[in-house]
Amino acid sequence: MRRQHLSPVPPARHLLVAGAVTVATAVGIGALAVGGGSSDGSPARPSASGGAPTKAPDGLRHTSVEVSEGGCGRGWTDAIRGKQVFELRNTSSRSAEVYLTNPANGAVYGEVEGLGPGTSRPLSVTLGGGSYAFVCLPEDADAVTGPTVTVPGPARGGGPAAIPVGQQDLIPPTIAYQKWVAGRMDELVLRTDALRSAIHRGDLATARAAWLPAHLVYERMGAAYGAFGDADGAINGTTAGLSDGVHDPDFTGFHRLEYGLWHRQSASALRPVADRLVKDVRDLRDGWPQERMDPADLGLRAHEIMENTVQFELTGRTDYGSGTNLATARANLDGTRAVLRRLEPLLKPRAPWLPELKSDLDRTQRTLERSHHGDRWTSLDRLSRSGRQRLNADTGALVERLAQVAALMDVRRTR
């Protein structure tokens, strides 16, 4: 899993800015319209018309809209259908989040986060006929809903919207996912026991054959890593940040065994490593019933599993000799599906692109399985150029689509 090597990310939210979702790397989401433009603290620049729509060099109508506790949404009066830009101006003394919503059901058409006092930022949206209202959520203050504005004409042609997900909505799928992880723990213990037994017998050929099945059981539990805590580093850590690299005493777990098994280390040298791995795995299993995953993280994890696969597995940064990164990537895909199955009841009414996501998953799976031959996997350095290009394209498209899941499953403020 190795998610601890990512750049820091806010634990409960990710930022939708400049047409992208920032989860660890920025990728387009296509799910909601999002604010872009300057966020560097530059002063707000009201239009000369004082809020009246103006034409800009981009050819779109721009409307200046106030963001404040006393004037949320002020300035938008001349409503039209189609693509347009709202220049959101925070005239208050507090930072604020701003949503453009359907006031009847709270569905969000566009959002801007972290709009600082005295700053402005554009929000680009495509509107169909219907009723809309801006909601301003000042920092450390109650939400304020602006006036309802009716856009005349048919609703068709508008951009997508999503009814916000609440913390309570995410509790059932999170509990279901935790139970799924619990159901994998006994197999993890069984397979690591078999790996240790082979090493204790001095049968390193059998140990090499047993290493991958044990490792893949762990990798499939990819969304639980945050709840695993320090156990994740002990069981599946790499040499990143270790001063002595592969010789560092803090290098333990699956990858330490991988290094030893594929670099001709003796069974006697590997026995204490295997013993430590079995102990850590058993401790993880025994302590798991008391752990609690944060429901707000589940959608984010669905994206992070494959994002980390691209960053670590498909770059070879986690290969310590076995050449099995593509097998790990395939296990990570299984882990992603396990999360999505639990989230599907929430995604179905919010994600019209769910069939496309399933197609992306299937296509990536087929691409990975082209490298699977019996009990062997093609190593990264033996992929053909066309095979590598196909793998990059398919996993990249899937990561972008999964970012939409993270965006939709983000718990937003509503009051």
Side-chain angles (χ1 to χ4, degrees), residues 1-4 6 9-14 23-24 164-193 213-237 253-254 277-309 328 330-351 354 357-358 361 402-403 405-412:
M1 285 172 237
R2 288 163 306 282
R3 297 347 182 234
Q4 67 270 27
L6 278 173
V9 182
R13 290 188 64 81
H14 49 274
V23 182
V165 172
Q167 184 95 353
Q168 292 297 316
D169 297 323
L170 288 164
I171 290 175
T174 302
I175 291 173
Y177 181 76
Q178 286 187 226
K179 290 179 178 178
W180 179 84
V181 170
R184 313 276 81 73
M185 290 289 186
D186 283 342
E187 182 185 4
L188 179 62
V189 170
L190 184 68
R191 290 193 179 276
T192 51
D193 278 346
H215 185 230
L216 296 186
V217 175
Y218 187 82
E219 286 286 346
R220 291 187 183 100
M221 299 187 288
Y225 72 90
F228 287 170
D230 292 341
D232 185 43
I235 293 171
N236 208 37
F254 279 115
L277 174 61
V278 167
K279 178 185 182 303
D280 288 336
V281 163
R282 286 179 175 272
D283 288 346
L284 178 66
R285 179 195 61 180
D286 296 344
W288 182 245
Q290 285 73 51
E291 297 297 336
R292 295 293 179 268
M293 292 180 62
D294 184 349
D297 288 348
L298 196 60
L300 183 61
R301 301 299 185 235
H303 172 261
E304 282 185 338
I305 294 170
M306 289 308 299
E307 184 185 48
N308 278 269
T309 299
T328 302
R330 178 65 181 83
N332 292 160
L333 192 68
D334 287 340
T336 300
R337 289 186 187 273
V339 178
L340 293 173
R341 279 195 293 273
R342 277 78 196 170
L343 289 173
E344 191 163 0
L346 297 176
L347 288 170
K348 274 185 175 179
R350 294 172 170 85
L354 202 54
L357 171 58
K358 292 180 179 180
L361 288 161
L402 290 167
V405 174
L408 285 180
M409 296 297 101
D410 189 18
V411 177
R412 291 171 170 83

Only distances under 3.5 Å count here; give the side-chain donor-acceptor pairs of residues 182-191 to other protein atoms, sequence neighbours excluded, each with its distance to 0.1 Å.
from : atom 1 : to   : atom 2 : distance (Å)
R184 : NH1    : W180 : O      : 2.9
D186 : OD1    : R285 : NH1    : 3.3
E187 : OE2    : R191 : NE     : 3.1

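- Taking CD of E219 as the reference point, atom CG of N308 lies at 10.0 Å (rounded to 0.5 Å).
- For the atom pair N332 CG and R220 CZ, the distance stands at 9.5 Å (nearest 0.5 Å).
- With rounding to the nearest 0.5 Å, the separation of CG in L277 from CG in N236 is 9.0 Å.
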Note to self: Please evaluate residues E344 and R341 with respect to the criterion salt bridge (charged side-chain N to carboxylate O under 4.0 Å, His left out), reporting the C-alpha separation (whole Å), side-chain torsions for both, the decisive distance (0.1 Å), and the verdict.
What the structure shows: CA-CA 5 Å; E344 191 163 0; R341 279 195 293 273; over 6 Å; no
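- Of all heavy-atom pairs spanning A351 and L408, the tightest one is CB-CD1, 3.8 Å.
- The distance from atom NZ of K358 to atom CG of L340, rounded to the nearest 0.5 Å, is 9.5 Å.
- By the 30° and 60° cut-offs, the orientation of the rings of F254 relative to Y218 is tilted.
- Inter-residue side-chain proximity for T309 and M306 is flagged as met; some heavy-atom pair is nearer than 4.5 Å.
- Side-chain atoms of E307 do not come within 3.5 Å of backbone N or O of A403 as any donor-acceptor pair.
- No side-chain heavy atom of E291 sits under 4.5 Å from any side-chain heavy atom of F228.
- Between A223 and I305, the shortest heavy-atom contact is N-CD1, 3.6 Å.
- Nearest heavy atoms, T336 versus L361: CG2-CD2, 4.3 Å.
- Partner of L170 under the side chain to side chain contact (heavy atoms under 4.5 Å, CB included) criterion, chosen from M409, M293, R342: M409.
- Distance check: T174 OG1 to D294 CG gives 8.0 Å after rounding to the nearest 0.5 Å.
- Separating the CG atom in D280 from the CD1 atom in I235 is a distance of 5.5 Å, to the nearest 0.5 Å.
- L343 approaches G299 most closely through the heavy-atom pair CD1-CA, 3.9 Å.
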